[in-house]
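Here the structure is laid out as structure tokens; the discussion comes afterwards.
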Amino acid sequence: MYDVIIIGAGPAGISASLYAKRSNLSVLVLYNGESNLEKALKIENYYGFINGITGRELFDSGIKQAEKLGVEVIRKEVVKISNINGMYGVETVDEIYEGKAIILATGNKKILPNIKGIKEFEGKGVSFCAICDAFFYRGKSVVVIGNGKFAVSEANELSHVANKVVVLTDGLEKPECEFNVNSKKIKELLGNNKIEKVKFEDNSEIDVDGVFIALGEAGASNFAKTLGLLQNDDNIKVNDRMETNVEGIYACGDATGGLKQICKSVYEGAQAGISASEYARKLI
Ligand SMILES: Cc1cc2nc3c(=O)[nH]c(=O)nc-3n(C[C@H](O)[C@H](O)[C@H](O)COP(=O)(O)OP(=O)(O)OC[C@H]3O[C@@H](n4cnc5c(N)ncnc54)[C@H](O)[C@@H]3O)c2cc1C
């Protein structure tokens with residue numbers, strides 16, 4: 001059981017971890033996939049670097065600084081977060097970590113496949129959250145578009161309810177899983193008022209009742225949906241203390257929208273770290 005678990009090792013997550021750890025609490029940071037910071041070739045507008053610094057250098061030294069302080073930093077993809085009797089279970093492929101408070105510092109990356117019909121059928125058969133919407137597909141045929149661990153986890157969630165679950169990789173490499181996988185490139189989604197078929201580039205079609213999008217890693221918006229967090233478009237809604245509407249869950253950095261810059265992520269991370277620590281300490 002950790003006092004604070006932070007998802008994300010970019011400027012928001014690492015800043016949060018420094019403040020939580022300095023409150024003398026047990027702190028775990030889980031991260032996987034690229035941080036936006038790693039993509040920045042040179043940063044020249046952040047305080048204190050006369051000649052600028054590469055995003056990769058800043059990212060690496062952030063992690064080293066947290067580890068030096070005693071924060072546990074583990075590279076693992078988080079596929080699900082759930083509430084277990086007032087505590088939180090953070091699920092990776094091979095382990096569930098339990099925490100009193102959770103900080104979402106996942107950045108804001110929602111990968112939408114470039115497939116005709118996705119936008120048109122959103123809410124009419126196209127979903128971004130298996131836990132939220134699986135129940136609507138009891139005994140029906142659904143597909144999950146994606147090829148990573150998140151897609152397999154969503155397929156697993158749906159398999160308890162739906163009659164048939166197929167993973168569509170849309171031309172990408174097949175994941176290792178127990179589900180039927182179709183790796184043909186997808187051309188478009190078809191239907192009238194709701195989705196009825198997936199059509200592939202070779203003009204073959206399959207009948208479907210629901211399409212679940214799960215490309216890449218689960219992001220801020222996916223976690224928000226499963227945890228019942230309020231959002232503004234795809235940004236998690238927080239107050240000045242970085243509290244979400246759900247007790248014990250905090251969000252910071254690009255995940256909350258607004259100015260998508262390092263300085264804002266570092267500030268919000270610090271505030272989230274302080275608020276989450278105060279909350280966790282009350283539960284000790
Ligand atoms: C090309 C480019 C150049 C930029 N240049 C500048 C600049 O010059 N100055 C500036 O101030 N800002 C710049 N930015 C913006 C800046 O990089 C971001 O604002 C900042 O990185 C956001 O920090 P964050 O911690 O909120 O998110 P991120 O840095 O994106 O970190 C997100 C973290 O969440 C983790 N994560 C996400 N999902 C999961 C999951 N399911 N399981 C486990 N871990 C997960 C990722 O691995 C990552 O560690 C630039 C961005 C880009 C793309």
Side-chain angles (χ1 to χ4, degrees), residues 5-19 28-49 51-67 71-82 88-97 99 102-111 128-129 146 148-154 214-227 234-236 238 242 250-273:
I5 300 182
I6 298 161
I7 329 293
I14 290 298
S15 173
S17 78
L18 299 177
Y19 280 80
L28 170 67
V29 173
L30 294 166
Y31 77 105
N32 194 56
E34 215 178 26
S35 145
N36 261 343
L37 186 57
E38 292 170 90
K39 294 183 200 154
L41 287 182
K42 193 153 192 193
I43 293 147
E44 292 183 325
N45 57 0
Y46 187 57
Y47 173 81
F49 295 94
N51 300 315
I53 183 166
T54 67
R56 155 71 46 200
E57 274 177 275
L58 195 55
F59 178 81
D60 288 343
S61 62
I63 291 180
K64 283 187 195 134
Q65 184 186 5
E67 285 176 333
V71 175
E72 221 176 302
V73 184
I74 304 179
R75 185 165 197 143
K76 268 192 188 177
E77 182 182 337
V78 175
V79 290
K80 198 165 143 190
I81 305 171
S82 44
Y88 292 99
V90 178
E91 212 172 296
T92 65
V93 171
D94 53 5
E95 210 146 349
I96 298 179
Y97 299 90
I102 303 295
I103 299 177
L104 297 172
T106 51
N108 199 346
K109 190 177 54 175
K110 182 174 175 184
I111 312 173
F128 291 86
C129 176
K149 293 171 183 133
F150 176 44
V152 174
S153 162
E154 291 287 88
L215 287 170
E217 286 96 22
S221 190
N222 303 103
F223 294 132
K225 283 189 175 116
T226 54
L227 290 163
D234 281 335
N235 305 315
I236 299 176
V238 286
M242 301 302 126
Y250 303 79
C252 51
D254 281 6
T256 66
L259 182 71
K260 292 188 176 156
Q261 289 282 282
I262 300 162
C263 54
K264 184 251 191 191
S265 292
V266 169
Y267 163 70
E268 287 194 357
Q271 180 60 67

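FYI, the numbering just counts along the sequence from 1. In each ligand, atom 1 is the first atom listed, and ligand 1 is the first ligand listed.
Here the protein heavy atom with the shortest distance to atom 43 (C) of ligand 1 is Asn32 N, 3.4 Å. The protein atom (non-hydrogen) at minimum distance from atom 27 (O) of ligand 1 is Gly107 CA, 3.4 Å. In terms of protein heavy-atom proximity, atom 3 (C) of ligand 1 is nearest to Ala40 CB, 3.5 Å. The closest protein non-hydrogen atom to atom 49 (O) of ligand 1 is Ala9 N, 2.9 Å. The shortest contact between atom 39 (C) of ligand 1 and any protein heavy atom is with Ala218 O, 3.9 Å. In this structure, atom 18 (C) of ligand 1 lies nearest to the protein heavy atom Asp254 OD2, 3.4 Å. Scanning the protein heavy atoms around atom 16 (C) of ligand 1, the nearest turns out to be Ile262 CG1, 4.1 Å. Protein heavy atom nearest atom 52 (C) of ligand 1, with residue, atom name and distance: Asn36 O, 3.9 Å.
Put simply, part of Ala105 is less than 4.0 Å from ligand 1, judged by heavy atoms. Within the structure, ligand 1 has Lys76 among the residues with a heavy atom less than 4.0 angstrom away.
Close N/O approach between Tyr31 and ligand 1 is not found [any backbone or side-chain N/O within under 3.5 Å]. Considering backbone and side-chain atoms alike, Val78 places an N or O below 3.5 Å from some N or O of ligand 1. Polar contact check, Ser265 against ligand 1: a nitrogen or oxygen pair lies under 3.5 Å apart. An N or O contact shorter than 3.5 Å is missing between Gly8 and ligand 1 by distance.
The nearest non-hydrogen atom to atom 17 (O) of ligand 1, considering only Ile6, Asn45, Leu37, Leu104, comes from Leu37. Of the candidates Gln261, Lys149, Glu77, Gln261 brings a heavy atom nearest to atom 10 (C) of ligand 1.
Every atom of ligand 1 with a heavy atom of Gly33 under 4.0 Å away is listed here by number and element: 46 (C), 47 (O).
Asn36 and Lys39 share a donor-acceptor pair across their side chains, judged by distance under 3.5 Å alone.
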